[in-house]
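Notes to accompany the following structure.
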Amino acid sequence: QKEVEQDPGPLSVPEGAIVSLNCTYSNSAFQYFMWYRQYSRKGPELLMYTYSSGNKEDGRFTAQVDKSSKYISLFIRDSQPSDSATYLCAMSASPYNFNKFYFGSGTKLNVKP
Amino acid sequence: NAGVTQTPKFRVLKTGQSMTLLCAQDMNHEYMYWYRQDPGMGLRLIHYSVGEGTTAKGEVPDGYNVSRLKKQNFLLGLESAAPSQTSVYFCASSPRTAWANVLTFGAGSRLTVL
């Protein structure tokens, strides 16, 4: 069983839609949760960083962590064509377990004008 | 501020050839990593370094070697390339702070082994 599961998509939505991206995980020790955005032929870049449970909002983006269900989500409001990218979730139990940062395989999002 | 720079961006090798991928960061980060990204597999850690002169194996280290002679540079070597090493390689770095698990990635090096 993979540590982190993520639906690969692709997910295609019209401009302005609310997008929900999700990951599930198996290790209850995970405390740190991240979302990275990766444009085509580019490296991943950090989008959101959350510690433990709860919500975090940054502009049009909201990250949500439900540790009881081992489930994390990224919501994008008023989606734009520029949001078209692959979104990777990542998580770890500690900032210093360098060989135990786990990444999802990514969900490809396409926002149509 | 360039962040993490990888060279080359593209390379085609024949089976059995060797090559080195170069990674340089200008953020004074302590920790550096090499990942490979394959379709459906996500990012997999090859090797990492927690400081100058140190290296350690990750999840998929076989067929690769690394060196970190200077803090800002992390080199990934393939001694005898195999078609299974066709992939996109990403170098990343992170600081020695509470944000140590927040990685800054390079743009990637796309390697094809024929």
Side-chain angles (χ1 to χ4, degrees), chain A residues 1-10 21-27 29-52 56 58 63 65 72 85-108, chain B residues 2-7 9-10 21 23 25 27 29-51 54-61 66 68 74 88-111:
Chain A
Q1 184 186 4
K2 283 185 180 179
E3 295 276 353
V4 180
E5 298 278 0
Q6 186 175 9
D7 188 328
L21 303 168
N22 312 295
C23 287
T24 58
Y25 62 95
S26 56
N27 190 340
F30 288 155
Q31 296 270 32
Y32 299 85
F33 304 93
M34 287 143 280
W35 287 94
Y36 287 83
R37 178 175 61 196
Q38 185 176 18
Y39 290 115
S40 181
R41 301 201 174 244
K42 300 290 185 184
E45 56 179 347
L46 183 72
L47 196 58
M48 298 288 281
Y49 181 98
T50 310
Y51 170 71
S52 195
K56 183 175 182 180
D58 185 1
V65 175
I72 68 170
T86 297
Y87 291 80
L88 309 171
C89 62
M91 49 197 79
S92 67
S94 161
Y96 307 109
N97 289 357
F98 304 106
N99 61 342
K100 296 191 188 299
F101 298 161
Y102 296 98
F103 289 85
S105 54
T107 299
K108 188 170 185 177
Chain B
V4 177
T5 302
Q6 293 182 231
T7 54
K9 288 184 170 47
F10 304 94
L21 297 178
C23 177
Q25 54 94 3
M27 298 170 287
H29 283 175
E30 197 70 26
Y31 312 125
M32 296 188 74
Y33 316 80
W34 276 106
Y35 285 88
R36 60 179 289 174
Q37 187 176 45
D38 302 290
M41 304 288 288
L43 287 162
R44 293 184 291 168
L45 183 65
I46 305 171
H47 286 281
Y48 65 99
S49 168
V50 298
T54 73
T55 63
K57 293 180 180 180
E59 179 186 357
V60 289
V66 288
R68 186 138 179 233
F74 196 27
V88 182
Y89 292 86
F90 287 100
C91 177
S93 68
S94 65
R96 192 171 69 177
T97 67
W99 301 87
N101 56 351
V102 176
L103 274 55
T104 300
F105 286 88
S109 297
R110 190 172 294 268
L111 175 65

Point to revise | Contact winner vs chain B - A/E45, A/Q6, A/R41, heavy-atom pairs under 4.5 Å | key: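 The candidate making the most pairs under 4.5 Å is A/R41.
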Check your understanding: So which of A/Y32, A/Y96, A/Y49 has the largest heavy-atom pair count under 4.5 angstrom toward chain B?
Key ->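 Among the listed options, the one with the most contacts to chain B is A/Y49.
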Answer with side chain, backbone, both or neither: which region of [X] has an atom nearer than 4.5 Å to a non-hydrogen atom of chain B?
X: A/Q38; value: side chain
X: A/S94; value: backbone
X: A/K100; value: neither
X: A/P44; value: both
X: A/Y39; value: neither

Review point. Quick one: are B/V66 and B/F74 in side-chain contact, heavy atoms under 4.5 Å?
Key: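 With C-beta onward as the side chain, the pair touches.
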Review point. Is there a side-chain contact between A/F30 and A/E3 (heavy atoms, below 4.5 Å)?
Key: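 Answer yes - side chains close enough.
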**Study point:** A/N97 and A/S92: CA distance, side-chain angles, deciding distance, side chain to side chain contact (heavy atoms under 4.5 Å, CB included) verdict
**Key:** CA-CA 8 Å; A/N97 289 357; A/S92 67; 5.8 Å; no
Point to revise | Within the 6.0 Å centroid threshold, strictly below: B/Y31 and A/F98 | key: yes
Enumerate donor-acceptor pairs with a distance under 3.5 Å from any side-chain N or O in residues 44-51 of chain B to protein atoms, sequence neighbours excluded.
residue	atom	partner	partner atom	Å
B/R44	NH2	B/D38	OD2	2.9
B/H47	ND1	B/A56	O	3.3
B/H47	NE2	B/Y64	O	3.3
B/S49	OG	B/G51	N	3.3
B/S49	OG	B/G51	O	2.9
B/S49	OG	B/T54	O	2.6
B/S49	OG	B/R68	NH1	2.9

Is it the backbone or the side chain of [X] that comes under 4.5 Å from a heavy atom of chain A, or both, or neither?
X: B/T104; result: neither
X: B/R110; result: side chain
X: B/Y89; result: neither

Review point. Passes side chain to side chain contact (heavy atoms under 4.5 Å, CB included), B/N101 versus B/S94? Steps please.
Key: CA-CA 7 Å; B/N101 56 351; B/S94 65; over 6 Å; no
Review point. Under the side chain to side chain contact (heavy atoms under 4.5 Å, CB included) criterion, do B/L43 and A/F101 qualify, and how do the steps go?
Key: CA-CA 10 Å; B/L43 287 162; A/F101 298 161; over 6 Å; no
Exercise for review: Output the option from B/Q37, B/Q6, B/E59 having the highest count of non-hydrogen pairs under 4.5 Å with chain A.
Suggested key: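 If we count pairs closer than 4.5 Å to chain A, B/Q37 comes out on top.
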Review point. Taking all atoms of both residues into account, what is the closest heavy-atom pair of A/C23 and A/W35, and its distance?
Key: SG-CH2, 3.8 Å
